[in-house]
Amino acid sequence: MPSARPAAVIVLAAGEGTRMRSTTPKVLHALAGRTMLGHVLHAAEALDPEHLLVVVGHAREQVTATLTGKARAVVQESQDGTGHAVRVALETIPDVDGTVVVVPGDSPLLTAQTLQRLVEAHDLQQAATTLLTAVVDDPTGYGRVVRSGGSVQRIVEHKDADPATREIKEIGTSVYAFSARPLREALQRLTTDNAQGEQYLTDVIGLHKDAGLTVAATVAEDADETRGVNDRAQLADLARVLRDRIVAQHMRDGVAVLDPQTTWIDVDVQLAADVIIKPNTQLHGSTTVAAGAVLGPDTTLTDCTVGERATIRRTDGTQAVIGAQATVGPFSYLRPGTVLGDRGKIGAFVETKNAEIGDDSKVPHLSYVGDMTVGERSNIGAGTIVVNYDGQHKHRTTVGDDARVGSNNSLVAPVRIGDNAYTAAGSAITEDVPDGALGVGRERQRNIEGWTARKRPAKGEEPA
Ligand code: UD1
Ligand code: CA
């Protein structure tokens, strides 16, 4: 069978989502680093439809601003029901014929495979409507699928259902494949003669059935996939389901996840085989980790790149690049622009920002390193603070290759410490240190003999 390409996918996203109690529109709430609408569009795009329409209404500017690629917004001025929403969308593509897929914008776990199967079933049976249904333990609130002799007759919304119908555990998921022409015809005939006074998309099924058209149904293999989000508790539930799905896939691909329940990995994160992830680790955004790296415990990385066999523990990092076999942590704070070379080290209680630290160079302890470039094989002593900000401007500090910055230095930018140069412990370095020189930026120590006896006599004694 040729792979079916729908003429259009219509995503329903005009509703307000009041139960989220949020200023953010419901479909823009995120899980695993992508909005609900983003997940749905991702699945929809895999079908490669000619048209990808998103019906927007509430917070339309905000929702529309997130659309990329082929997706195009269609405004539904007032939310008169799911059937009305689809009609408004179809009116913008009057000449389109073929298969029209409809998905709700708040079902983020739907997969492309499930949509693909639905479209294939629809084509195979040459149906007017093919709906995706699910069998659930608690169907409260959903439309019930009424069958007769096994075949679907209609969907009855929960609010319109009598007690016997409410016993039905097979529900409509709001995911459909329609044939455009009979869909357009049925949408013209929808009424608002129901409990919610809305034009129900679900009524298309009864209309098609009454007209003697073929109505087919595909039962979802995984009912979780079809779950919608109406409130924050459901969002958290689905985030957990998605977390398990993502972690399981990485484990199949060879990643060692020691504690799946406390490991959160965004959808776009890339992990090579033999990466080891210890408990309480969150990997966000476009983070990429090479083979054999060890992350965690207690580590959060956002948009970071980690080299082969690097080790990062108890660290918070954003937009940092960590070289192969480098070590970071514990308790390191990597801010944007941190680049650590191969075999380099950023150690305990070190904060870095816009810091390029070369291969084999180390910032082992208790330092702030901002706007600095360090060459190769250099060491920054414990407690070094880069004084990069004069209150008005940021300045850059440079350390060459094979240099040794002493402990407890203040490097007052802009300043350069040369190749093979040293600085004395406790120095405030305000001037460049030439290659091979020792920079001493402090007073020499002097000892005052007999001071204690003169100034701090023991109790009862006179000063000497
Ligand atoms: C809908 C179905 C129900 C199904 C359930 C599955 C109808 C009448 N009912 O009910 O059978 O079991 O989904 O989750 O279709 N929307 C618009 N414009 C509107 C109204 C809704 O764009 O005028 C959007 C909403 O933003 C939402 C989607 O359509 O994304 C579904 O609407 P919602 O009100 O949540 O329908 P349900 O009551 O959940
Ligand atoms: Ca809903």
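Note that ligands are numbered from 1 as they come in the structure, with each ligand's atoms numbered from 1 the same way. The structure displayed is predicted, hence computed values, not measured ones.
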Closest to atom 5 (C) of ligand 1 (judged by heavy-atom distance), picking from Ser174, Gly141, Gly228
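Closest candidate by heavy-atom distance is Ser174.
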Regarding atom 20 (C) of ligand 1: of the candidates Ala85, Gly81, Gly15, Pro25, which has the closest heavy atom?
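Going through Ala85, Gly81, Gly15, Pro25 one by one, Gly81 has the nearest heavy atom to atom 20 (C) of ligand 1.
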Polar atom proximity, Val55 to ligand 1 (N or O, under 3.5 Å):
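No, since none of the N or O atoms of Val55 sits under 3.5 Å from an N or O of ligand 1.
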Output yes when the distance from some N or O of ligand 1 to some N or O of Leu201 is under 3.5 Å, and no in every other case.
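No, there is no polar N/O contact under 3.5 Å.
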How would you list all residue pairs meeting salt bridge (charged side-chain N to carboxylate O under 4.0 Å, His left out) that involve residues 334-353, not counting sequence neighbours?
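Sorted pair list: Arg335-Glu351, Arg343-Asp360, Lys353-Asp371.
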Report the part of [X] in contact with ligand 1, treating N, CA, C, O as backbone and CB onward as side chain, heavy atoms under 4.0 Å; options are side chain, backbone, both, neither.
{"X": "Leu12", "value": "both"}
{"X": "Ser107", "value": "neither"}
{"X": "Gln76", "value": "side chain"}

Thr173 and Thr226: side chain donor to acceptor below 3.5 Å:
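Distance-only check fails for Thr173 and Thr226.
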Residue pairs passing the ring pair (Phe, Tyr, Trp, His ring centres under 6.0 Å) test where at least one lies in residues 159-209, sequence neighbours excluded
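Qualifying pairs: Tyr176-Phe178.
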Atoms of ligand 1 less than 4.0 Å from Glu157 heavy atoms?
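Once the distances to Glu157 are compared, the set is 2 (C), 3 (C), 7 (C), 8 (C), 9 (N), 10 (O), 11 (O).
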Run the numbers for me: atoms of ligand 1, each under 4.0 Å from some heavy atom of Thr173, listed by number.
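Under 4.0 Å from Thr173, ligand 1 has these atoms: 6 (C).
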